[in-house]
Amino acid sequence: MSTLTLVAPLAGWSTPLDEAPDAVFAGRMLGDGIAIDPTAGRLHAPCDGEVAHVAPSRHALTLRTAGGAEILMHVGIDTVSLGGEGFAVAVAPGATVRSGDLLITFDLDLVARRAPSLLTPVIVTAESGFRIRRRTEGRGVAVGDPLMVIEPQPAAAALAAATAAGEPLSQRAIVGFGHGIHARPAALLAAALRNLAADVRLRARGREANARSTVALMALGAQHGDEIELRASGPDAALALRALAAVLAAESAPAGRRGVRPPDPGTAAVPPVEPAVAAGTTAVPVAGDVLRGVVASAGLGVGRAVQLRRPEIAVAESGAGVAYETAALERARATVRARLERRAAGAADEAGGGAAAEIAVAHLELLEDPEVLGAARAGLAEGRSAGFAWREAVRAAAATLRTLPDPRLRERVDDLLDLETQVLLALAGTAATPAPELPERSIVIARELLPSQLLALDAARVAGLATAAGGATSHVSIIAAAMGIPALVALGPAVLALREGSELVVDAERGVLEVEPPPARLGAALASLAARRERLAAERAAAQGECRLADGTRIEVFANVGSAAEAEAAVRNGAEGCGLLRTEFLFLERESPPDVSEQTAAYQRIADALGGRPLTIRTLDAGGDKPIAYLPQPAEENPALGLRGVRTSLANPPLLRAQLEAILHVRPGEQCRILLPMITEVAEVVAVRALLDELRAQLGMTRAVEVGVMVETPAAALIADRLLQVADFLSIGTNDLTQYTLAMDRLHPLLAPRLDALHPAVLRLIAGAAAAAAERGRMVAVCGGLASEPLAAPILVGLGVHELSAVGAVIPRLKADLSRVTLEQCRALARAALSAADAPAVRALARRACGEAGEGTA
Ligand code: PEP
Ligand code: MG
């Protein structure tokens, strides 16, 4: 196959494309490549070719080689918004250029000041049918230095012919998003177009939307399975269609993009409760009344009513001049944008955590929505004040969403109204949504609660939420669940008539709000609440002890960790050791491997954090879905079946030697054991052992070191007996074992729901490996994702597993659940699971068994 070398088109620092602060480039939606951080404002041709396309705003140019490869160079990020300012193009579309010819000059300082980033992606476009074989990353490059070696990709689709610049293009697609085009898909679609110069429209259900407007996209009301038409015109039309198609394809799975299973429907936190809101019921509820609502965040809360009213912010209709009001609106939006960006970036510490961050991202999209902004600017042009124009524009968009039949889209009205309030407060010079002073044990009542209002509340004082309107999938509901606050929504207007301070029970299990319940009921609710709290506290406290089944059988519950901080947190959760230290964290995102002393120091920190508890260090598991740029990896058609795990280590002896030596230096030596990933043959274990013995001899060590084998391939499971002749223990990696047993890529978005480690075929392999270990009196652990599933734990124990290495946070629950079952019960369940038809049948069995064995295991 003929290869082509692309040279650096810019002087600067060459970095992986992942560094580009834009999901379209970093996500490789347009193709693979490299990003260069330029040190000079001159873009040159990376190879001979023809100028296929120049962006009208002069910031991007595509070159097509004689062999058909297309190289897109995009100077900076979001530079389309500069409208060509600072850029000059030295060539015309259709011109033939030689490698090194000047293409574009740009004002480096101006772009640095005005664009979010100077990083310049150099992309081999996905559809031109070429792939990158070698790349130069993580170093300085001069113009003309080799940058990438590319080669034709035999099976790639050649859509290049359809990219005639400026021609309107259209394409049909099916909406794969599980809930149709709601807020998040709309945001993803709009974001995919951010860097492209094209007018893109989506048509569905007889409506048309500007694809850059999340509001307009949501207003289409497109549902899962609908056929939509994508139409694009303008210079980047073809790229825009590809970007949208990539989002639609990548996001069409219901959940779990990286081998993560979607939540088990049987354990869904929100029981289905039909709203039973009596229309027009505004009578003041009296003692003993029960209002039915929808569970938005499960749990039980007892407290006193606090009515929370949204401040109505007065705005004058007429403005003080278009320029003045426009500037005022821009300043207010900038204030809100900065606040949302802070929340999006750093909400992990806040109550509501990741959910708050995600919602902030959605709000940022709405803040920039072109339809809303267009309407607001039209209002300003007609002489309205900034506040009035913004409010009218937001309310018009909200009115459109309210008319849609899909309740999920109607729930986005909250988000719009929240933004209305945030911008109006910023216009009034108020820092943020004012937080009310709450008494202890408040049940917060509102018509609808806005996300920012909820986040501003003192969560420690909120015993529950009860709203007249709202829906179970609204952002407020998601945040409430993340904060652990029981919440009921859609209770109807009666809830707003509740007397301030009335005693309430939010029963967000049954979906009812009890008003001034009789003393006996109140007492029972308080007792139940106390019992729950006690149970949680007890589980956490008990987790500090050894894990034993109800009959006293000892099971070890360890944690998977990737850093000293994680190890400390795991110990606080009751981890009895570390069953899997993924050492890749030390090797990724750098230019060369860590040396012995750096590795020793890192392993020692983790060993110390574990306070003497066992530490299982897995040797580098590079390759497959964990490529490491500086390792000489050959181009592979199928990396998951290529040089990965121990194969990579054995192909790079100095690398393996350094890692083994570093492990041998950790003190106390007895704390560490070594685990080998991706074993398929006895010879691999023998080879590692030989190197280890050589190192031990060099270091004058007489102490034996335990070496274990990861059972991640059907081969390893089937020859576990032979492997145990050369290894000391087994650790089952259910993530890979499932991928290789079911022949389903663990990263495949569409197969994710079926990639279930409780498949009886996987369980049979685990059973075989465990039996081989039992015969030799050896330890067998599970360190894959299945060990973190409470539902699976009794089955694994029943199959003969002695150690579970799980995510730290689930350890208290795992230990508590296991303490309620006997080994005999586990074995009976495992036997039934082995002969079940499929994974859902195994899950059903486990749920039933756990229900019988005690509360809460499922
Ligand atoms: C596994 O495959 O189950 C495993 C624990 O390894 P990783 O997820 O790191 O591939
Ligand atoms: Mg694995």
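Start at 1 and go down the list; that is how both ligands and their atoms are numbered.
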Whether D621 has an N, O or S atom under 2.8 Å from the Mg ion (ligand 2) | no
All heavy atoms of G800 vs all of V780, minimum pair found to be O-CG1, 3.3 Å
Closest heavy-atom contact between A575 and F558?
-> CB-C, 4.5 Å
Considering only heavy atoms of [X], which atoms of ligand 1 have at least one such atom less than 4.0 Å away?
{"X": "C783", "value": "5 (C)"}
{"X": "R582", "value": "4 (C), 5 (C), 6 (O), 7 (P), 8 (O), 9 (O)"}
{"X": "D621", "value": "10 (O)"}
{"X": "G784", "value": "3 (O), 5 (C)"}

Between side-chain atoms of residues 760-769 and protein atoms elsewhere (two or more places apart, or another chain), which donor-acceptor pairs fall under 3.5 Å?
from, atom 1, to, atom 2, distance (Å)
R764, NE, L834, O, 3.1
R764, NH2, L834, O, 3.0

Is it the side chain, the backbone, both or neither of [X] that has a heavy atom closer than 4.0 Å to ligand 1?
{"X": "L580", "result": "side chain"}
{"X": "L737", "result": "neither"}
{"X": "E584", "result": "neither"}

Y603 and Q659: side chain donor to acceptor below 3.5 Å | yes
Passing option when C547 is tested against T553, V557, L814 for side-chain contact (heavy atoms from CB on, under 4.5 Å) = V557
Closest to the Mg ion (ligand 2), among the N/O/S atoms of E712, is atom OE2
Name of the D736 N, O or S atom nearest the Mg ion (ligand 2)?
-> OD2
For ligand 1, is Q739 a contact, meaning one of its heavy atoms is under 4.0 Å away?
-> no
Quick one: which of R778, R689, R673 gives a salt bridge (charged side-chain N to carboxylate O under 4.0 Å, His left out) with D728?
-> R689
Cationic N near anionic O, under 4.0 Å, E576 to K815 = yes
Residues pairing under side-chain hydrogen bond (donor to acceptor under 3.5 Å, both in side chains) where one sits in residues 604-614, two or more places apart or in two chains, turn out to be Q604-D608
